[in-house]
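Take a look at the structure below.
For reference, positions follow the sequence shown, starting with 1.
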Amino acid sequence: MQIVTSHVNADFDALASMVAGTCLYPGARGVLPSQVMSGVRQFLSIHQDLFRLIPRKGLDLDAVNSLIVVDTNNWKRLDRMDTLMDRQGLEIISWDHHMAGTTIVSDIEHREEVGATITLLLEEMERQQTPFTPMQATLFLLGIYDDTGCLTFSSATSREARMTAFLLENGADLNMVSSFLSNTMDESHTRVFSDMLAQAEMLTLGGIQIGICAIPVQSGLTMLASLVEKYKEFKGLDAAFGLFWTDQSKAMIIGRSNPAAMDVGTVVRALGGGGHPGAGSAVVKGDDLERITEKIKNLIREAGSKPSMVKEIMLDAGRFIVRADQTVAEAGEVMTRTRTRALLVCEKDRFLGLIPESAVARARKKNRLTIPVKGMVKPDVPVIGPEDDTRTAAARMDQSLEGMLPVLAQGRVAGILTRGSLVLHMYEM
Ligand SMILES: [Mn+2]
């Protein structure tokens with residue numbers, strides 16, 4: 001007998017991978033561990049009959065000669081399979097995305113560092129053109145979304161995104177997916193949240209309040225980013241970091257910050273993750289929680305104490321400037337040539353305001369292209385100083401309809417920040 005099984009406290013990735021296993025290996029029976037996550041339990045209470053699954057309880061392992069293990073690499077995480085450990089002639093096939101701490105030695109191993117195990121099985125199903133139902137597609141998508149925070153965790157790869165598209169093309173139902181994902185906020189989240197409230201450390205940096213919570217969680221717990229966001233709001237903080245540590249010596253670090261408070265991206269990038277000033281995440285492996293916490297505190301201090309300044313990243317404004325006595329037609333030509341949506345209008349050294357593309361269009365309609373630019377200046381536009389920090393600039397860019405901030409020093413143009421240049425800076429490109 002060939003069986004497919006996965007870890008106790010099965011999450012959606014584990015369940016999806018088991019079901020995909022029964023598709024790829026016709027004749028294999030899915031063996032459901034006794035304990036499953038509550039969202040999975042709710043899902044199964046409706047869908048169980050649709051899948052070829054039998055409960056672990058009451059299963060006699062004597063007849064098993066082929067074991068397919070999905071979404072774990074550790075005998076201890078399986079539901080009472082120890083008797084198979086030394087069975088002579090037992091074939092073991094693994095499908096998994098956990099790279100460290102493997103205790104299950106397999107004959108055929110499909111182990112790759114992707115965001116979800118189900119991705120590996122789906123790629124194989126796509127290759128073999130293995131048929132599956134829309135209901136199964138929905139479960140597979142739940143697997144991808146559960147393990148990758150709906151593709152937002154930095155552990156997600158482009159392969160998860162490709163398989164998401166593949167599943168949507170094959171009938172996955174997003175309404176069902178979202179209804180089961182929203183249900184996955186359960187008692188374990190309440191417990192984690194109350195731990196966060198009780199155990200957080202506070203850092204104050206130049207008036208900015210930052211909370212850091214290091215909390216052990218069961219692996220596969222999703223919605224952690226929402227918990228960090230809620231925690232930040234609940235405590236009225238400027239920024240918050242959650243370090244969620246699972247039994248697989250892996251920590252998920254999630255940061256959230258108000259736009260102008262601090263740059264979360266800098267911190268998580270230094271840990272090998274990704275993000276931007278307001279939000280980011282990283283996965284850190286093989287380090288203990290205390291060491292990671294210390295490391296993050298230092299990174300936060302660095303990020304908080306050295307915000308980059310506008311003058312470090314501003315562009316030369318030369319090609320964005322028109323003189324107040326030039327015609328609107330000339331301004332229009334410069335905009336077309338430089339592909340900008342507005343220009344800075346200056347009289348000698350003095351900054352008067354912007355002339356936006358829309359003003360040129362208006363003048364063209366009214367046949368007034370020959371008048372001087374001075375007559376069409378929009379004076380009260382958001383500006384920034386060279387000594388201001390880039391977080392302030394990012395917040396102020398929001399108010400700019402033209403997507404540009406003139407950088408002014410004593411009323412003179414010192415440079416310019418465009419939305420594009422600010423974005424490149426945020427992603428450190
Ligand atoms: Mn997984």
If you count every heavy atom of other residues, nucleotides or ligands that lies below 6.0 Å from [X] atom [atom1], does the total exceed 12?
X      : atom1 : result
Glu126 : CD    : yes
Gln399 : CD    : yes
Met135 : CE    : no

Inset, instruction - Please name the residue in the list Met376, Glu333, Arg368, Arg364 that meets the side chain to side chain contact (heavy atoms under 4.5 Å, CB included) test with Val328. - result: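 With Val328 as partner, side chain to side chain contact (heavy atoms under 4.5 Å, CB included) holds for just one option, Met376.
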
Legend entry - side chain to side chain contact (heavy atoms under 4.5 Å, CB included), paired with Phe241, selected from Val267, Val228, Ile254: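 One option only clears the test, and that one is Val267.
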
Quick one: are [X] and [Y] in side-chain contact, heavy atoms under 4.5 Å?
X      : Y      : result
Glu124 : Leu24  : yes
Glu160 : Ile118 : no
Ile416 : Ile321 : no
Lys230 : Phe234 : no
Ile313 : Thr390 : yes

Inset, instruction - Report the C-alpha separation of Ile355 and Met335 in whole Å, then their side-chain angles, then the decisive distance to 0.1 Å, and conclude whether the side-chain contact (heavy atoms from CB on, under 4.5 Å) test is met. - result: CA-CA 10 Å; Ile355 173 159; Met335 280 181 210; 4.2 Å; yes

Inset, instruction - For Arg319, check side-chain contact (heavy atoms from CB on, under 4.5 Å) against everything at least two apart and list the hits. - result: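 Only Thr338 meet the side-chain contact (heavy atoms from CB on, under 4.5 Å) criterion with Arg319.
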
Inset, instruction - Quick one: list whatever passes side-chain contact (heavy atoms from CB on, under 4.5 Å) with Asn298, sequence neighbours left out. - result: Arg301

Legend entry - side-chain hydrogen bond (donor to acceptor under 3.5 Å, both in side chains) against Ser358, all qualifying residues, sequence neighbours excluded: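 For Ser358 there are no side-chain hydrogen bond (donor to acceptor under 3.5 Å, both in side chains) partners, ignoring immediate neighbours.
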
Inset, instruction - I would like to know whether Thr138 and Asp173 meet side-chain hydrogen bond (donor to acceptor under 3.5 Å, both in side chains); could you show each step before the answer? - result: CA-CA 5 Å; Thr138 301; Asp173 184 332; 5.6 Å; no

Inset, instruction - Please assess Arg412 against Arg350 for the test side-chain contact (heavy atoms from CB on, under 4.5 Å), listing each intermediate value before the final yes or no. - result: CA-CA 5 Å; Arg412 291 182 186 176; Arg350 215 157 50 85; over 6 Å; no

Inset, instruction - Indicate yes or no for a side-chain donor-acceptor contact from Arg323 to the backbone of Lys348 under 3.5 Å, with no hydrogens or angles considered. - result: no

Legend entry - Backbone N/O of Thr103 and side chain of Asn74: donor-acceptor pair under 3.5 Å: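 No; judged by distance alone, with no hydrogens or angles, the pair does not exist.
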
Inset, instruction - Quick one: which residue pairs count as a side-chain hydrogen bond (donor to acceptor under 3.5 Å, both in side chains) with a foot in residues 194-215, not counting sequence neighbours? - result: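 side-chain hydrogen bond (donor to acceptor under 3.5 Å, both in side chains) check on residues 194-215 returns Glu201-Lys297.
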
Inset, instruction - Determine which pairs satisfy side-chain hydrogen bond (donor to acceptor under 3.5 Å, both in side chains) with at least one residue from residues 373-382, sequence neighbours left out, and list them in order. - result: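 Every side-chain hydrogen bond (donor to acceptor under 3.5 Å, both in side chains) pair that includes a residue of residues 373-382, provided the two are not neighbours, is Glu347-Lys374, Lys378-Glu402.
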
Legend entry - Qualifying ring pair (Phe, Tyr, Trp, His ring centres under 6.0 Å) pairs with a residue from residues 120-152, counting only residues at least two apart or across chains: Phe132-Phe140, Phe132-Phe166

Legend entry - Ser188 versus Gln218, closest heavy-atom pair with distance: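 Of all heavy-atom pairs spanning Ser188 and Gln218, the closest is CB-OE1, 3.5 Å.
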
Legend entry - Approximate separation, where rounding is to 0.5 Å, of Tyr231 OH and Leu197 CG: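 So the gap between those two atoms works out to 6.5 Å.
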
Inset, instruction - Calculate, to the nearest 0.5 Å, the distance between atoms CG and CE belonging to Leu227 and Met196 respectively. - result: 5.5 Å

Inset, instruction - Considering only NZ, NE, NH1 and NH2 on the basic side and carboxylate oxygens on the acidic side, decide whether Glu113 and Lys285 come within less than 4.0 Å. - result: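 Salt bridge flag = yes for Lys285 with Glu113.
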
Inset, instruction - Salt-bridge test for Lys295 and Glu290: reply yes if a basic N is under 4.0 Å from a carboxylate O, no otherwise. - result: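 No, no charged N to carboxylate O under 4.0 Å.
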
Inset, instruction - Kindly indicate, with the supporting measurements, whether the criterion side-chain contact (heavy atoms from CB on, under 4.5 Å) is fulfilled by Thr22 and Phe51. - result: CA-CA 9 Å; Thr22 63; Phe51 309 126; over 6 Å; no

Legend entry - Criterion side-chain hydrogen bond (donor to acceptor under 3.5 Å, both in side chains) against His97, the qualifying member of Asn73, Asp147, Thr119: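 With His97 as partner, Asn73, Asp147, Thr119 yield a single side-chain hydrogen bond (donor to acceptor under 3.5 Å, both in side chains), made by Asp147.
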
Inset, instruction - Could you go through the side-chain hydrogen bond (donor to acceptor under 3.5 Å, both in side chains) check for Glu229 and Ser226 one step at a time? - result: CA-CA 5 Å; Glu229 182 71 48; Ser226 324; over 6 Å; no

